[in-house]
Amino acid sequence: MITFPKPDVEQFLRTFSIADFAVSPDEKHLVFSTNLSGKYNLWGMDLPNSFPYPLTSIDQSCQGLIYDKKSRFIIAGFDQDGNENTQFYGVPLNGGTMKEIVNHENTRNFMPKLSNDSKKLYYTTSRGNPSFLNSYCLDLESGQERLVLEGKDAATYLFGFSPDEETLLYYKHFANTYTLLYAKKGNEDILLTPPTEKQHTVNDGVFVSDSMIYLLTDYDSDFTYLASYNLETNKFCKVKELENESFTAITYSKENQLLYITSQKGVEDQLYEINLQNENWRNIPVPCSVINKLEVAASGTLYLFGMSATKPHNIYKNTGDEWVSLTKYTVPGVDSNELVEPDIITYPSFDGREIESLFFRAKKENDNGEVIFWPHGGPQAAERKFFRASFQFFLNNGYSIFAPNFRGSTGYGLEFMKMVEGDWGNGPRLDNVAGLDWLIDQGHAQKGNILLMGGSFGGYMALLLHGRHADYFKAVVDIFGPSNLFSFINSVPEDWKPVMDQWVGNPEKDKEKLIEFSPITYLESMIKPMLVIQGANDPRVVKEESDQIVQALKDKGRDVDYMLLENEGHGFSKKENEIAVYQKILSFLKRFTAVTEKV
């Protein structure tokens with residue numbers, strides 16, 4: 001009998017991903033953005049066949065993907081190597097060359113929407129109004145465009161329009177925890193939640209007729225629920241709420257008069273269907289733990305893009321009785337039994353608040369006794385049952401991973417989410433310290449022997465924990481984390497700047513607090529070996545954030561390694577870069593671990 005060696009650890013990083021998908025109105029085609037070639041491009045399928053073929057070869061990720069209403073072409077947005085200056089292109093389905101539709105240098109463009117006759121493209125842009133944004137309607141035949149919405153007071157995004165296209169739906173983003181939805185008919189702007197001084201959010205909305213809108217909001221509530229607004233009577237009405245669940249996305253099936261609601265409860269998602277004719281409500285089982293996107297075809301057929309902790313991104317079609325996987329992404333050459341499901345645990349924080357966490361424990365045969373402590377990014381996001389190839393890569397190498405959803409995380413109510421605002425460096429930090437103490441008290445780790453790693457806000461938290469609690473750790477990895485809150489506030493994209501006072505703090509009014517919360521304040525205490533990773537084109541956490549902390553530590557003679565990726569932004573869109581990054585991290589951790597064992 002032939003015996004085979006264990007999978008090469010790099011195989012875990014060879015897992016392909018999907019960033020977005022769309023289904024043609026006639027359901028004869030499906031297009032998705034994937035790194036099947038090692039770099040992101042658009043690929044198509046001629047349904048019901050599921051063999052993909054390339055539609056683009058520009059090696060760029062896609063932001064915004066919609067079909068022409070007659071299934072003739074696609075509108076797709078692409079940036080350049082992660083700079084997030086998305087421009088829109090027309091992509092033919094049957095061969096031909098991409099055509100520029102909206103292309104203005106150094107502008108950010110968002111949320112393309114095609115009119116019902118596909119002759120007009122609506123979109124939101126930073127052009128001419130970089131702080132608050134404007135929205136335009138572009139005539140695709142004449143090339144002429146007109147301003148339909150001018151942003152004021154807050155970043156303003158065109159969200160959709162009524163079936164007769166007479167009423168626009170738009171929202172204002174004052175903060176991640178303060179977003180308001182409006183309907184604009186003629187010169188009248190109608191706020192779709194009752195007036196109140198208490199901040200709340202509206203995170204999705206859809207027209208089901210020219211006068212009736214369904215929306216998801218946490219107005220006068222801690223968790224997001226389904227509500228309706230009648231433009232004829234100007235009446236707001238709460239329709240459906242579930243205890244300790246936040247509704248996150250809503251989709252309408254005109255054919256069947258059904259609403260589909262995605263709901264987040266802690267680390268997992270649920271899918272619900274509500275019948276608008278009889279108000280019946282039911283849960284629909286789904287083939288994944290996290291739902292990235294749901295599409296409802298004109299026929300009423302459901303298409304879903306999702307993943308789980310041990311299942312990579314895949315696209316599924318609902319046949320009525322079951323979900324059929326249209327893509328077959330797995331970890332190449334690795335049996336599913338080699339993958340690790342996380343345990344869901346809770347621990348008490350410094351003030352008695354319960355913090356939910358995911359604890360990935362390396363399998364016994366791989367376990368090297370090491371624990372990676374992973375504060376997530378966002379910060380108003382959450383660690384959930386995502387598929388992370390990097391996690392499975394480290395787990396297979398013997399490293400367990402502990403990922404807490406500290407205060408500020410989504411999925412635990414508006415109040416919990418707001419707790420990070422203006423308090424980046426205190427409450428969330430102490431939640432993480434309590435998680436470290438829990439690991440130690442439970443016998444999973446020893447103080448001074450924990451590995452610390454995070455990206456974005458998680459990178460910031462890794463730097464801050466290193467500076468203020470270095471005695472817990474033996475090595476630290478920072479992946480594009482802000483190091484100086486003053487320079488971070490000044491360097492974010494222009495449409496982010498209006499929210500920074502509430503989100504992070506005001507450089508003048510909150511000067512002392514921002515000094516206290518900035519990792520660079522604690523250089524003297526950053527004594528553990530460190531690896532810093534940064535994308536040169538990152539518009540969110542710019543290169544200078546990593547440059548300054550690396551240079552400052554090197555000036556002090558500290559052990560710090562710096563990996564700069566010239567063709568990446570806020571993440572890793574190219575497979576060779578992703579593999580290089582995590583092989584570098586693994587080499588760094590193994591080098592240090594080996595030194596520790598000799599000592």
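Here, residue 1 is the first one in the sequence, and each next residue gets the next number.
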For this session: For Lys311, look at atom NZ and say whether over 12 heavy atoms of other residues, nucleotides or ligands are found less than 6.0 Å away.
Result: no
Exercise. For Phe21 and Tyr303, what are the C-alpha separation, side-chain angles and deciding distance, and is it a ring pair (Phe, Tyr, Trp, His ring centres under 6.0 Å)?
Worked result: CA-CA 9 Å; Phe21 86 103; Tyr303 294 83; 7.1 Å; no
Seminar exercise, completed: ring-ring contact (aromatic ring centres under 6.0 Å, His included) filter on Phe305, not counting sequence neighbours, yields His313
For this session: Test side-chain contact (heavy atoms from CB on, under 4.5 Å) on Asp79 and Gln60 and set out the steps.
Result: CA-CA 7 Å; Asp79 71 351; Gln60 301 295 335; 4.1 Å; yes
For this session: Determine, using ring centers only, whether Tyr252 and Tyr214 are less than 6.0 Å apart.
Result: no
Exercise. For residues Glu568 and Asn537, is any side-chain donor paired with an opposing acceptor at under 3.5 Å?
Worked result: no
Problem set entry | Check: Ser349 main-chain N/O paired with Asp431 side-chain donor or acceptor under 3.5 Å | no
Exercise. Is there a donor-acceptor contact under 3.5 Å linking the side chains of Thr177 and Gln380?
Worked result: no
Problem set entry | Pair Glu245 + Lys240: basic N to acidic O under 4.0 Å | no
For this session: Begin from the C-alpha positions of Asp59 and Asn41 and carry the test side-chain contact (heavy atoms from CB on, under 4.5 Å) through to its verdict.
Result: CA-CA 5 Å; Asp59 297 340; Asn41 280 290; 2.9 Å; yes
For this session: For Asn49 and Met45, indicate whether the former's side chain and the latter's backbone hold a donor-acceptor pair under 3.5 Å.
Result: no
Problem set entry | Any donor-acceptor N or O pair under 3.5 Å, side chains Asn314, Thr327 | yes
Problem set entry | Basic-acidic side-chain contact under 4.0 Å: Lys474, Glu370 | yes
For this session: Please answer whether the main-chain N or O of Asn397 pairs with a side-chain N or O of Asn366 as donor and acceptor at a distance below 3.5 Å.
Result: no
Exercise. Looking at the rings of Phe402 and Trp438, which for Trp means the six-membered one, are their centres under 6.0 Å apart?
Worked result: yes
For this session: Mind checking the CH2-OG spacing from Trp43 to Ser37? Nearest 0.5 Å is all I need.
Result: 6.0 Å
Problem set entry | Exercise: do Asp26 and Ser24 side chains pair donor with acceptor under 3.5 Å | yes
Exercise. Thinking salt bridges, do Arg384 and Asp269 make one under a 4.0 Å N-O criterion?
Worked result: yes
Exercise. Side chains of Tyr399 and Phe360: closer than 4.5 Å at any heavy-atom pair?
Worked result: no
For this session: Is it possible for you to check whether Lys447 lies under 6.0 Å from the centre of the six-membered ring of Tyr472, through NZ or CZ, and within 45° of that ring's axis?
Result: yes
Problem set entry | Side-chain H-bond candidate by donor/acceptor type, Ser61 with Gln63, under 3.5 Å | yes
Exercise. Going through the distances and angles, do Leu93 and Tyr67 end up as a side-chain contact (heavy atoms from CB on, under 4.5 Å)?
Worked result: CA-CA 10 Å; Leu93 291 176; Tyr67 268 94; 3.8 Å; yes
Problem set entry | Heavy-atom closest contact (Ser546 atom, Tyr562 atom, distance) | CB-OH, 3.4 Å
Problem set entry | Basic-acidic side-chain contact under 4.0 Å: Glu578, Lys575 | yes
Exercise. When you check the side-chain N and O atoms of Ser246 and Gln264, is any donor under 3.5 Å from an acceptor?
Worked result: no
For this session: Test side-chain contact (heavy atoms from CB on, under 4.5 Å) on Ile533 and Ile585 and set out the steps.
Result: CA-CA 9 Å; Ile533 296 164; Ile585 294 173; 3.7 Å; yes
Exercise. Side chains of Asn176 and His173: do they bring a donor and an acceptor to under 3.5 Å?
Worked result: yes
Problem set entry | Identified ring-ring contact (aromatic ring centres under 6.0 Å, His included) partner of His376 from the options Phe406, Phe386, Phe457 | Phe406
For this session: Could you tell me if the ring centre of His570 sits under 6.0 Å from that of Phe480?
Result: yes
Exercise. Is any NZ, NE, NH1 or NH2 atom of the basic residue among Lys574 and Asp81 found under 4.0 Å from an Asp or Glu carboxylate oxygen of the other?
Worked result: yes
For this session: Please indicate whether Gln446 has more than 12 foreign heavy atoms, meaning atoms of other residues, nucleotides or ligands, lying under 6.0 Å from its CD.
Result: no
For this session: Considering only NZ, NE, NH1 and NH2 on the basic side and carboxylate oxygens on the acidic side, decide whether Asp561 and Arg591 come within less than 4.0 Å.
Result: no
For this session: Indicate whether the side chain of Asp46 and that of Tyr53 have a donor and an acceptor atom separated by less than 3.5 Å.
Result: yes
Exercise. Got a salt bridge between Lys39 and Glu576, using NZ or NE/NH1/NH2 to carboxylate O under 4.0 Å?
Worked result: yes
Exercise. Any chance the rings of Phe359 and His444 have centres within less than 6.0 Å?
Worked result: yes
